[in-house]
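Accompanying notes for the structure given below.
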Number of protein chains: 2
Amino acid sequence: MRTNPERRQALIDAAIEVLAREGARGLTFRAVDAEAAVPAGTASNYFASRDDLFTQVGGRIYERLLPDEATITRHREGAQDETRYAELMHELVDRVAAFNSGYLALLELRLESTRRPELRAVLTKRIREDIDANIGYHATSGLPGDSTSVVLLYLALNWLIVERLTLPDIFTQQEIHELVDAAVRRSLNA
Amino acid sequence: MRTNPERRQALIDAAIEVLAREGARGLTFRAVDAEAAVPAGTASNYFASRDDLFTQVGGRIYERLLPDEATITRHREGAQDETRYAELMHELVDRVAAFNSGYLALLELRLESTRRPELRAVLTKRIREDIDANIGYHATSGLPGDSTSVVLLYLALNWLIVERLTLPDIFTQQEIHELVDAAVRRSLNA
DNA sequence: AACGTAGTACTACACATGGAGTGGTGTCAA
DNA sequence: TTGACACCACTCCATGTGTAGTACTACGTT
């Protein structure tokens, strides 16, 4: 088992692209090798098994979907009202759009996790942490709404993103924008 | 190309199970043959190509997820208020849970549709029709809320179902129940 | 400066799996 | 008798895994 961390990371990032493009079943050692432009057999040397590969990708993918520190601190400033909340959510949707393949890969992982208990455990942990972090962030931010608002927004926006990524002709850009606004507005009404 | 409609249907239904269990890439003619317990090569005779198979499954799957006539007419009776609306949505979530593999197969199809334009066209059409039908049904039902409520509920509940099917430990049954209620209540507040 | 060693990159191969497509035969009913 | 279909068998082909073996590079030792 090789340990070179840059190379391992490059392989995992390549795996994310493969996942998004070819689907879970298309995530093979050889496909990762090809995507990362390394010699055939390299991924075999870095991951004990396909299961191991899936699990490591599951651990990494979520990091890449989170906002960076700069974005977070930027949003801590200014009035924390409904308008700001909406901005935050628009930013979230746009951020995911900018890392399209990452979100698609996460969906593939979710589906694959119905077949791989280890992967499911990793994803469950990460996502539960993320939801709790969002609730916690919200609680200290001074933004309006309660924890249920946060979860409802999480639900609606996630599917909105799915819709946009998988069947982009269902809603127009304009409709998506309005739906985000509406979701924020209504989820705040307890 | 064979035309026996019962057999074709049986093959398509088998394909749905294969999709849910093995993923999109695992949907092969041979796997369908095995699932439908027919001799190897049968699916080859019924579908011109894998693409054709995907498209036909895409056309059929959505029918099987819709409520039957009895359920619909039953819901037309009684007071059409927020409580009734919530009942309706709980029924929707339970119905999907009862046809677990159907919903998972639909998710697989959505992801596969990023690679198959023909499938994407079929799914887009079906789903757009379903959303419009829901909006239309709502408009004539006397239920509270506007068309935006309907779409917001569609978004939130879809992801709730995804969450439950793919990572069942994220939310408890109790939380899911409460989230459905909250989603109904808040989406109605314009 | 020469040498040895460890870790890794790279290559090649042996082995296995699984699926597509098709041609042919048997069967049943109009 | 004929046609449609179920069923079976066989060939061809593509792809992936795992691993053994070789080459390279950096580093420490004397």
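The sequence lines fix the lettering, A, B, ..., with proteins before strands; numbering per chain opens at 1.
In this structure, the CG atom of B/Leu53 is 15 Å from the C1' atom of C/dG21, given to the nearest Å. With rounding to whole Å, A/Leu27 atom CG is found 16 Å from D/dT15 atom P. Rounded to whole angstrom, the span from the CD atom of B/Glu6 across to the C1' atom of D/dC5 amounts to 13 Å.
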Are any protein N/O atoms closer than 3.5 Å to N/O atoms in nucleotides 10-19 of chain C? If there are, list each pair with its distance.
residue : atom : partner : partner atom : Å
C/dC10  : OP2  : A/Arg7  : NH2          : 2.5

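For B/Asp94, the side-chain hydrogen bond (donor to acceptor under 3.5 Å, both in side chains) test picks out no residue, with sequence neighbours left out. In this structure B/Arg21 satisfies the salt bridge (charged side-chain N to carboxylate O under 4.0 Å, His left out) test together with B/Glu35, sequence neighbours excluded. For A/Tyr85, the ring-ring contact (aromatic ring centres under 6.0 Å, His included) partners are A/His138, not counting sequence neighbours. For B/His75, there are no ring-ring contact (aromatic ring centres under 6.0 Å, His included) partners two or more places apart in sequence or in a different chain.
The phosphate of C/dT8 has neither OP1 nor OP2 within less than 4.0 Å of any side-chain N or O from A/Tyr46. Between A/Asn4 and C/dA9 there is a side-chain polar atom (N or O) within less than 4.0 angstrom of OP1 or OP2.
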Give every donor-acceptor pair under 3.5 Å between a side-chain atom in residues 23-31 of chain A and any protein atom, sequence neighbours left out.
residue : atom : partner : partner atom : Å
A/Arg25 : NH1  : B/Glu22 : O            : 3.3
A/Arg25 : NH1  : B/Glu22 : OE1          : 3.4
A/Thr28 : OG1  : A/Ala31 : N            : 3.0

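A salt bridge does not link B/Glu129 to B/Arg126: none of the charged nitrogens lies less than 4.0 Å from a carboxylate oxygen.
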